[in-house]
Amino acid sequence: MAEVDPSKMADAAIAKEPEVLNLKMSEAFDWSDDDTVVRDAIWDYFMENNNHDTVKTEEAEKPFLDMKDEEVRDFVEKNLKK
């Protein structure tokens, strides 16, 4: 059985994460002038909506790591667009 390089596993995990999560809101959405990174904006949204419960926020944000870019964009459009 071939040995797996742990650094390549980390690279693979990062590679499948939606790229939009690492962009600033203003880079990802033409309607935003916010310099907050999308991932942090989603975190802030959940924190505000669950009484600042870090554990609940962490659980709510986990699915975003496996979503497609378009799914993340749809969520942001529906919930964060002001």
Problem - Salt-bridge present (K56, E59; N to O < 4.0 Å) - result: no

Exercise for the section: With side chain to side chain donor-acceptor pair (under 3.5 Å) as the test, would you mind laying out the steps for E58 and W43 before giving the verdict? Expected result: CA-CA 8 Å; E58 189 176 84; W43 177 271; over 6 Å; no

Exercise for the section: Could you tell me whether F64 and Y45 have their ring centroids closer than 6.0 angstrom? Expected result: no

Practice task
May I ask whether F75 and M47 are part of the same hydrophobic cluster, defined by side-chain heavy atoms of I, L, V, M, F, W, Y residues being less than 4.5 angstrom apart, directly or through others?
Solution key: no

Exercise for the section: For side chain to side chain contact (heavy atoms under 4.5 Å, CB included), just list the numbers for V38 and V76, CA-CA rounded to whole Å, side-chain angles, deciding distance to a tenth of an Å, and then say yes or no. Expected result: CA-CA 8 Å; V38 172; V76 172; 4.1 Å; yes

Handout entry: Evaluation steps, side chain to side chain contact (heavy atoms under 4.5 Å, CB included), between L65 and L21
Key = CA-CA 8 Å; L65 300 176; L21 289 175; 4.1 Å; yes

Handout entry: Connected hydrophobic set around V37, excluding itself, where side chains approach under 4.5 Å
Key = none

Exercise for the section: Enumerate the residue pairs fulfilling salt bridge (charged side-chain N to carboxylate O under 4.0 Å, His left out) with a member in residues 23-47, sequence neighbours excluded, ordered by first and then second residue. Expected result: E17-R39

Fill in the blank from the handout: Heavy-atom closest pair (M25 atom, S32 atom, distance to 0.1 Å) is CB-OG, 3.4 Å

Exercise for the section: State the CD-CD distance between E77 and E70, to the nearest 0.5 angstrom. Expected result: 8.5 Å

Handout entry: Given V72, T57, N79, the one that forms side chain to side chain contact (heavy atoms under 4.5 Å, CB included) with I42
Key = V72

Exercise for the section: State, with a plain yes or no, whether a side-chain heavy atom of K81 is found less than 4.5 Å away from one of W31. Expected result: yes

Practice task
Starting at CG of L23, measure out to CG of D69 and round the result to the nearest 0.5 Å.
Solution key: 8.0 Å

